[in-house]
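These values consider heavy atoms only, across backbone and side chains, with no hydrogens, waters or symmetry-generated copies. We name chains A, B, ... by the order of the sequence lines, and we start the count at 1 in each one.
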Amino acid sequence: MNTAILWFRRDLRLADNPALHLALREAERLIPVFIWSPEEEGEWAPGGASRWWLHHSLADLAGELAKRGCPLVIRRGDSLAELRRLARETGAGGVFWNRLYEPAAIARDTRIKEALREDGLEAQSANSALLIEPWQIRTGGGDPYRVFTPYWKAAQALLPAGRLEPVPAALVPAAEPPQSLPLEALELLPRIAWAAAFPGRWQPGAGGARQRLERFAEDVVLDYSARRDQPAQDATSGLSPHLHFGDIGPRQVLMRMQRALAEDRGSGRIATTDHFLREIGWREFAHHLLFHFPRTPTEPLYDKFAAFPWRKPKDYAADLAAWQRGRTGVPIVDAGMRELWTTGIMHNRVRMIVASFLTKNLLIPWQEGAKWFWDTLVDADLANNTLGWQWTAGCGADAAPYFRVFNPVLQSQKFDPQGEYLRRWLPELAALPTDRLHMPGAQRPAIVDLAETRQRALDAYARIKGA
DNA sequence: GCTCCATTGAC
DNA sequence: TCAATGGAG
């Protein structure tokens with residue numbers, strides 16, 4: 001084959017890109033293409049924050065490709081139609097891509113693979129996004145895992161080893177350059193100034209991802225176990241949006257961590273690196289679950305929770321709005337929701353706190369929280385978002401037992417003892433003494449009584465228990 | 001079928 | 001202490 005199409009989706013990098021190497025094995029000339037087709041992702045088209053990231057990550061990828069003499073082609077519309085058109089225009093003999101695991105994407109890609117093969121084209125997919133593909137791991141009984149610890153234990157034996165595919169220094173483009181839209185034509189950037197603070201916080205793209213991984217592996221991971229749960233600290237990797245868009249892949253992360261370990265065995269690095277890789281394991285587990293239980297983005301994994309007595313939309317609309325805007329009167333909740341709105345991210349510890357508050361204290365369905373996160377997080381990822389929300393709501397895999405209701409005041413005191421995080425995101429409270437800072441009503445009257453609503457949640461759970 | 005372990009907590 | 005549950009053995 002003379003020419004191959006490399007179809008980029010959420011693998012926006014040249015390093016450790018197996019589809020790229022599949023294509024280069026088959027063909028001399030390469031046509032890298034990105035097709036904007038959000039309607040093909042059903043209910044889960046990228047949200048506003050994700051689109052901001054995608055724009056900049058695509059710009060970075062286009063730059064890297066141009067440097068190697070092989071410009072990125074940008075199209076919009078029906079993916080299959082555009083791939084066929086591109087193959088016709090260029091005489092390409094095949095299409096290569098890296099797999100996605102969302103139900104809508106799997107259905108689309110399966111259909112496209114069949115259609116391209118019927119056209120007489122080669123069509124092949126590869127794995128760039130996961131250490132272990134969802135179908136590689138089963139319990140002794142042959143079922144998918146639903147509990148993390150045994151899943152991750154089984155995963156150890158299947159972790160990839162060996163070298164990663166190198167980045168080609170140069171690529172050969174199509175004989176005739178195909179038509180391409182300018183990136184701006186996709187209109188991915190928000191029209192309002194909402195994302196104004198994002199560029200100071202993030203550098204989307206493969207270069208930014210590599211810098212983050214280096215900094216983390218050299219320095220931050222040393223204290224990861226001790227500091228990861230404190231939202232005021234800059235003690236996490238910050239890799240989640242990069243991993244979502246494939247600016248970097250989990251194999252690159254794993255190999256870098258293994259190198260860090262090899263460089264200084266005997267230090268405290270072993271335990272803390274394992275702890276971090278365990279979090280990468282949660283990402284793998286989330287994809288395992290989404291693949292095997294594709295209805296979970298909207299439905300509880302365990303059927304009996306379908307009968308859970310959530311409040312009704314007309315009753316909770318005002319409380320939901322207060323939660324979204326960071327006006328609940330519970331400081332740690334409001335701080336987290338403001339961090340999310342301003343930066344497109346929220347510390348994982350705080351995600352659990354605000355999610356517990358929404359589902360248990362406000363008794364609002366977890367799906368509402370999942371939708372809000374979907375639109376506001378730069379790292380919005382269907383697998384991770386679904387697992388996180390169902391975990392907190394108590395209806396999903398490896399869930400916290402429902403009777404474990406987070407107390408946001410205790411959580412705040414424990415994980416932000418100096419009130420540093422609270423003062424950062426609620427500057428109007430900066431002058432308060434720390435002990436008062438954590439308390440509901442410090443800034444505005446709390447919309448609910450914590451003790452009362454905790455009991456209401458426990459009662460609601462008791463009603464469906466054993467159903 | 002049984003025991004044991006683990007499970008980002010609160011009272 | 002409370003308490004539910006999956007998974008391993």
Side-chain angles (χ1 to χ4, degrees), chain A residues 137-157 224-231 233 235-237 240 271-272 274-283 285-286 288-289 292-293 296 300-305 307-308 330 332-333 336 346-361 366 369 384-417 421 438-440 449-467:
Chain A
I137 293 194
R138 297 274 177 176
T139 68
D143 295 322
Y145 279 98
R146 290 189 275 190
V147 174
F148 174 72
T149 304
Y151 168 83
W152 190 230
K153 204 177 157 197
Q156 298 308 307
Y224 181 73
S225 288
R227 295 167 62 222
R228 67 181 290 274
D229 261 327
Q230 296 176 30
Q233 309 263 335
T236 60
S237 75
S240 55
T272 199
D274 281 351
H275 193 163
F276 173 66
L277 289 176
R278 193 178 160 84
E279 302 305 317
I280 297 292
W282 275 96
R283 175 179 177 276
F285 183 50
H288 176 82
L289 290 168
H292 291 289
F293 305 101
T296 51
L301 176 64
Y302 293 101
D303 290 339
K304 66 178 181 181
F305 279 89
F308 192 82
V330 179
I332 187 68
V333 173
M346 190 193 305
H347 190 281
N348 183 248
R349 169 56 53 182
V350 189
R351 291 189 203 197
M352 293 190 283
I353 299 171
V354 303
S356 172
F357 183 77
L358 184 81
T359 55
K360 309 215 170 160
N361 295 106
W366 59 270
N384 294 331
N385 201 42
T386 301
L387 171 60
W389 278 97
Q390 291 220 30
W391 184 89
T392 310
C395 58
D398 207 7
Y402 196 86
F403 53 84
R404 276 194 197 166
V405 178
F406 277 45
N407 180 327
V409 177
L410 293 182
Q411 290 274 318
S412 185
Q413 290 167 338
K414 184 170 177 190
F415 295 111
D416 188 32
Y421 180 79
H438 299 287
M439 304 308 285
D449 178 87
L450 294 177
E452 214 172 88
T453 52
R454 172 180 190 278
Q455 193 52 53
R456 179 176 64 170
L458 294 177
D459 294 345
Y461 176 66
R463 280 167 57 190
I464 66 146
K465 195 165 57 172

[X] [atom1] - [N] [atom2] separation (whole Å):
X: Leu458(A); N: dG9(B); atom1: CG; atom2: C1'; answer: 12 Å
X: Phe305(A); N: dA4(C); atom1: CZ; atom2: P; answer: 12 Å
X: Gln411(A); N: dG9(B); atom1: CD; atom2: P; answer: 6 Å
X: Gln390(A); N: dT7(B); atom1: CD; atom2: C1'; answer: 17 Å
X: Phe148(A); N: dC5(B); atom1: CZ; atom2: C1'; answer: 16 Å
X: Ile353(A); N: dG9(B); atom1: CD1; atom2: P; answer: 10 Å

Over all strands shown, is [X] touching base, sugar-phosphate only, or nothing at heavy-atom distances under 4.0 angstrom?
X: Arg278(A); value: sugar-phosphate
X: Trp152(A); value: nothing
X: Arg349(A); value: base

Please enumerate all residues that pass side-chain hydrogen bond (donor to acceptor under 3.5 Å, both in side chains) together with [X], with sequence neighbours excluded.
X: Asn407(A); answer: none
X: Ser240(A); answer: Asp379(A)
X: Ser225(A); answer: Thr272(A), His275(A)

Quiz prompt | Identified side chain to side chain donor-acceptor pair (under 3.5 Å) counterpart of Arg349(A) within the set Asp416(A), Asp229(A), Thr236(A) | solution =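 Only one of Asp416(A), Asp229(A), Thr236(A) forms a side chain to side chain donor-acceptor pair (under 3.5 Å) with Arg349(A), namely Asp229(A).
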
In chain order, what residues pass the side-chain contact (heavy atoms from CB on, under 4.5 Å) check against [X], with sequence neighbours excluded?
X: Thr386(A); answer: Thr296(A), Pro297(A), Leu382(A), Gln390(A)
X: Gln413(A); answer: Val409(A), Leu410(A), His438(A), Met439(A)
X: Ala226(A); answer: none
X: Pro144(A); answer: Arg138(A), His288(A), His292(A), Phe293(A)

Quiz item: Is there side-chain contact between Ile332(A) and Phe415(A), with at least one heavy-atom pair below 4.5 Å?
Solution: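 Heavy-atom side-chain distance check fails, nothing below 4.5 Å.
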
Self-check item: Pairwise side-chain contact, Leu387(A) with Trp282(A), heavy-atom cut-off 4.5 Å (strictly under)
Solution: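 Contact flag for Leu387(A)/Trp282(A) side chains = yes.
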
With respect to the phosphate group of [N], does any side-chain polar atom (N or O) of [X] fall under 4.0 Å of OP1 or OP2?
X: Lys304(A); N: dA4(C); value: no
X: Asn407(A); N: dG9(B); value: no
X: Arg454(A); N: dG9(B); value: no

Quiz item: What residues form a ring pair (Phe, Tyr, Trp, His ring centres under 6.0 Å) with Phe305(A), not counting sequence neighbours?
Solution: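 With sequence neighbours excluded, Phe305(A) shows a ring pair (Phe, Tyr, Trp, His ring centres under 6.0 Å) to no residue whatsoever.
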
Quiz: residues 449-460 of chain A side-chain donor-acceptor pairs under 3.5 angstrom, not counting sequence neighbours:
residue   : atom : partner   : partner atom : Å
Asp449(A) : OD2  : Ala451(A) : N            : 3.2
Asp449(A) : OD2  : Glu452(A) : N            : 2.8
Thr453(A) : OG1  : Asn361(A) : ND2          : 2.9
Thr453(A) : OG1  : Asp449(A) : O            : 2.8
Thr453(A) : OG1  : Leu450(A) : O            : 3.2
Gln455(A) : NE2  : Asp459(A) : OD1          : 3.0
Arg456(A) : NH2  : Asn361(A) : O            : 2.9

Contact list (N/O, under 3.5 angstrom) for nucleotides 6-9 of chain C vs protein:
residue : atom : partner   : partner atom : Å
dG7(C)  : OP1  : Arg146(A) : N            : 2.3
dA8(C)  : OP1  : Tyr145(A) : OH           : 2.6

Could you write out each protein N or O paired with an N or O of nucleotides 1-3 of chain B at a distance under 3.5 Å?
none

Self-check item: Base-paired stems in DNA chain B, each at least three Watson-Crick or G-U pairs under 3.5 Å
Solution: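 Paired runs of 3+ in DNA chain B: B:2-7 with C:4-9.
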
